[in-house]
Amino acid sequence: MRTIQSLFHGGIYLPSEKALTLDAPVQAIADPQFIFIPMRQHKGAPAVPCVQPGELVLQGQPIGRADGEESVAAHSPVSGKVCAIDDIRLPDGTHSLAAVIESDRRNEAVEHINVPHDPAEVSEANFAERFAGWGLVQMSCRGMPLHRRLQIARDNQVHTIVVNAMESEPYLTADHRLTVEQTLLVALGLAHLCRLIGADRGIVAVDHRRREEAELLDRLLVEHGEALGLTLGAECLDHLYPQGHELMLLKTLFDEEVPVRLDDGAGGLASDRAGVCVLGVGTVAAAADAMLFNRPLTHRVVTVSGEAVRKPGNFLAPVGTRVFDLLALCDVESEYDRLVVGGPMTGVAQPDDQSVLTKQTSGLVLFGTALVHQPGPCIRCGWCVEDCPVGINPALLADLAESGQWRRGSRFHAETCIECNICSYVCPSRLPVMERICKLKRALEREEDDGASGRVGEGATRRT
Amino acid sequence: MTDAQHIAPSRSVARPMTVDRPPHWRASETASRVYAIIIYATVPALLAGFGFFGFSALMVVAVSVAATFVFDSLFSWLAHRPTLALHGGRMHTVLMGLLLAMSLPATVNWLVVVLASVATVVIGKGLLGRYTWQPVLLGRLIVQVFFHRQLSLPNGPVLGPEHLCLGRLADPAIVPMYGSWLDAVARRADAFLLPQPLAAIRDLVGGQAEWVQQAVAQVSQGGADVGTPAGAVLFKLIWAKLPAVTDLLIGAVPGEIGATCSIALLAGGLFLLYHGYIRWPMVLAFLFAAAATAAIAPLRIGLLDGDGVPAWRWFPGVQFHNGMPVGPLYVLYHLLSGGLLLGVFFFAGDMVSRPMTRRGQILFAIGCGAGTILIRLYAFIPAAPYLFTSGATYLAILLMNTFTPLLDRISQPRAFGH
Ligand code: SF4
Ligand code: SF4
C-alpha cells in the first residue's frame, strides 16, 4: 500500500512518543468504586437526569434522557446505587451535572443489551432517535451528537465518509489500539454509517507507520463494502502534523479546499460542503457496537502516557471514571508537573486530578518537568507563517488580536485557522499565538451575531 | 452520602501542578538560542577581522559590545522598557554590538563607536524592540553622515602576511598598486595601505580617472589583438586596480572589520542556513539580483566621445578580453566586496526587519541586491565621494526595510480555500 504524501502547505513532523504504548493491548479496568457520569458530554443541551439518589441502576441503564434534538442520553456503565446528582468540573474546565454511582461490582446489565442486534433495524428514518438513545456522540474533541453530525452530512449530500485513524497527537495510541483490536467493528461501522446517510464511499485514513493495520482494514473493508454495494477502503497517509484534521484529510485525499467559515468550529464542518464527512475511528466503532450489540456508549479506550508515568498503557475505562482512579493503575510519579487531558498539542492541562473521563477523553498525558513559557516579543522569525497548514499569517493575526484590531482579522482570513497550535509550538518567543487568534475569532463571531440580530450599529461603534 | 466521601484525596502535592494553555510542549528553539546561534555565526568573520586588522579591531569590537550593552540597559531602565529582561533580550543586544563592530573599519575612533552604539540602541532599537529599520544599520547611517571621513575611506590599512593579529595598523606603508597580498611589497612593514576595491569600480562611472581614459585611448589606436575598449578597461581594472580574488576570499583587503573575509562570511551564512534562520530563496535572490544588476548596469567604458570621456556601455558583465572572462570577473568582485555578504547574511537576514513570508523575502532580497549595485555605481555625493563604496549595501537594506510592512501585506500566503 502506497503512502499518500500530504498536499497541504506547511505542517511539521512532531516527535511521536507513541512507542511507549503502541503495543500495549487495551486493558479493561476493574470498575472503580465511584463513577461520575456527566449529563453533558456533547455540544448542545445536556441530558436530563432520570434517576433519583438512592435508586439502584443496572449497567447500560439510561440515567439521563436526551433533552430535545441536539442532545443524547447518558447511561450507567456499571451496576450499583445512585448516590447523588452533583455538579462536577469536566476536563475542559466547564461544569456539568453528574450522576454519582457507587458500583456494586456485580456488573449486572440491563437484559436487552449486549446481545446481537440487527443493524438493518436502524434506518435512515429512525437513526436520530436510536443514536441519541444509545448516547452516541463524536468521540473527538468536537463532541457533537453523532445523529446531528450525520444529519448535517446528509443535508449536505455527503458522498464519502472518511474515518480518521491518523491520531496525529503525540503520545496517544487509543485509536491505534482500537483499530488493531476491533478492526472488524470499524469496518462494519463505516459500512452502516455510509448506508444511513446515503454515502457510497468510505475511506479509513491510517498513519503510514501503521501499514499492517491499514492492510488488514483494507481487506475487511473491501469485503464488507462489496456486500453492501459500497466502495470502501483504507489509505496510508504521511504523518505530517496536522494531517489528522478534517480539512487536511480532504486536501490530501481529494485535493480539495473549501473556505472555512466562522461557524464551522475550527473547520470541523467545512469538509461537508465538499461532500465529505470526517468521523473519528472511536466514534465509528462505538456506533457499530451500538448497532450490532445494542450496546450504549458507556466505555472508551484511553491512553495514559507521558514521561511521569512508569506503567503507561491503553485502558478500556467506564466513562465517568475519575482521573485519579485511572492514574492509580499506572504507577504515576507522585511529583509530576502537569496533567493533560488529550494530547500535548491541543489537550487541556488540569488544575488537579479530580476530573472525570468523558466520551471525548482520548488520553491522559503526564509531564514530569516544569516548562516555563515566559512569552517574549515576537522576533518575526516567520516560522509560524511557514508552518501554518492553512496559509495564514499567525504572527500578524496575533498582533491584530492584541491591539484590538480584530475587525481586520477577517481580511487576513482569521476564520480559516484550524486551531492546530503549530504556531504556538514553533514560536521561539513562546507566544500563545493560537490563543490570540482564537480570541480574534471569538470577537469576529460576536460581531457576526450582532450583525445577524440587526444590531450592526453597536458593532460599528466598537470599530475605533 | 456527603461530598467528602466520594472525593478522594488528590496526589500528595509538594508543588502545585502547572495549569498552562496548550501546547504543552514546545519546539526547542527559543529567542535566546536563536540569537546565540547568530552570534556563533559571526565568529568566523570576527576572527578574520582580528587577523587582518589586529588589536584595533578587537578594541572596536569590545567598545561596541560594551557600549551597546551599557546603553541598552540604561535606556531600558530609564524608559521602563522590559525587552532586555525578556528572554532573548540580552542576546539580541550583544548581537547588535557585534554586528555594529563588524560594519565599522578598525581605524575608527572609539568615540564614534560609542556614538554609533547609542544611535543603534536609542534610535534604532527604539522603545518596543520591534523596529522597522535594522538598528545597527540605522545607527551606522547616522554616524556615517557626521563622520564619513572615518567610515568611508578611499583606501585603508591591512596587516602584512607576517604580522597577522599582532601588527599595528597605524603608520601603514603605502602601496600604490595592487599586487597580491601574499607577495606584498612591504613585507617588513606591520601594515600597508591599500585602495578600497569599490573605489576603483566607482571610477568607471565617473569617467574621469586617468587610467580608464588611457586604456580606452590605447584600444582606439591599437592593432587587432587589443579587443574592445570595454574589455580592455575591465581587464585593466581587474589586473591593476583590484586585489586578487583570493585576497577577497580570505579577506586581505581594506574594509570593515567583519565585512572583508568572504570565506568566513559564507561559513557563517551556511551555519545560519543550516539552522533555518535564513532561507535559501532569500539569499539566492539577493545574490542573483546583485549579480544581474552588476552585469547589466552601464559603465563609462565605451569609446572616447568628443569631450574625451568614455561613452556608456551596457552589459559590462558579458565582456571578454582576449578570451578572458573579464565581465563575469567584474561581477564577482561586486559580490565579494563592499560588505555585500555581510549584508546578505546578517543585515538583510535580520529577522525583525525582514519580511516574514517567503515571497516577501524574495522581493525584499531582490530590492536589496539591485539597490546595492545601483547605489554603489550611481549614488554620488561630491562632498563625500566614497560614502557609498561600502555603505551601499547597508543603505540599500535600510531602504528595503522601509517596505517590509508593505511586502508582508502583499505577499500573504494563499489561505486555505481562497
Ligand atoms: S493554530 Fe491556526 S494559525 Fe496557528 S498554525 Fe494552526 S491553523 Fe495556523
Ligand atoms: S513564530 Fe513567534 S516569534 Fe516567530 S514570527 Fe511567529 S509569532 Fe513571531
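Computed from heavy atoms alone, side chains included, the values below leave out hydrogens, waters and symmetry copies. A note on names: the letters A, B, ... follow the listed sequences, proteins ahead of strands, and every chain is numbered from 1. Note that the coordinates shown come from a computational prediction; the quantities given were computed from them, not determined experimentally.
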Below 4.5 Å from any heavy atom of chain A, which atoms of B:D350 appear? Answer side chain, backbone, both or neither. neither
In the structure I gave you, are the side-chain heavy atoms of A:V348 and B:R21 within less than 4.5 Å of one another anywhere? no
Sort A:I418 into side chain, backbone, both or neither according to what part of it lies under 4.5 angstrom from a heavy atom of chain B. neither
Does this structure show an ion pair linking B:R414 with A:E257, if we count only N-O contacts that are shorter than 4.0 Å? yes
Charged N to carboxylate O below 4.0 Å: is that the case for B:R130 and A:D399? yes
Out of A:I422, A:I12, A:L327, A:L247, which one racks up the most heavy-atom pairs below 4.5 Å with chain B? A:L247
Contacting region of B:S411 [heavy-atom separation from chain A under 4.5 Å]: neither
Looking only at B:G360, B:P23, B:G276, B:P413, the option with the highest number of non-hydrogen pairs under 4.5 Å against chain A is B:P23
Does B:F288 have more than 12 heavy atoms from other residues, nucleotides or ligands lying within 6.0 Å of its CZ? no
For B:M351, does the CE atom have more than 12 heavy-atom neighbours from other residues, nucleotides or ligands under 6.0 Å away? yes
Interface moiety of B:V352 toward chain A, non-hydrogen atoms closer than 4.5 Å: both
A:I392 side chain reached by B:F416 side chain, heavy atoms, under 4.5 Å: no
Taking the side chain as everything from C-beta on, heavy atoms only, tell me whether A:E386 gets closer than 4.5 Å to B:T357. no
Contact origin within A:S424 toward chain B - heavy atom pairs under 4.5 Å: both
When the 4.5 angstrom heavy-atom criterion is applied to A:Y425 and chain B, the contacting part is both
Against chain A, label B:R354 side chain, backbone, both or neither, depending on which of its atoms sit under 4.5 Å from a heavy atom there. both
Checking heavy atoms, do the side chain of A:P15, its backbone, both or neither come under 4.5 Å from chain B? both
Within a strict 4.5 Å, meaning less than it, do heavy atoms of the A:L396 and B:R409 side chains meet? yes
Nearest 0.5 Å please: distance from the SG atom of A:C381 over to the CE atom of B:M356. 8.5 Å
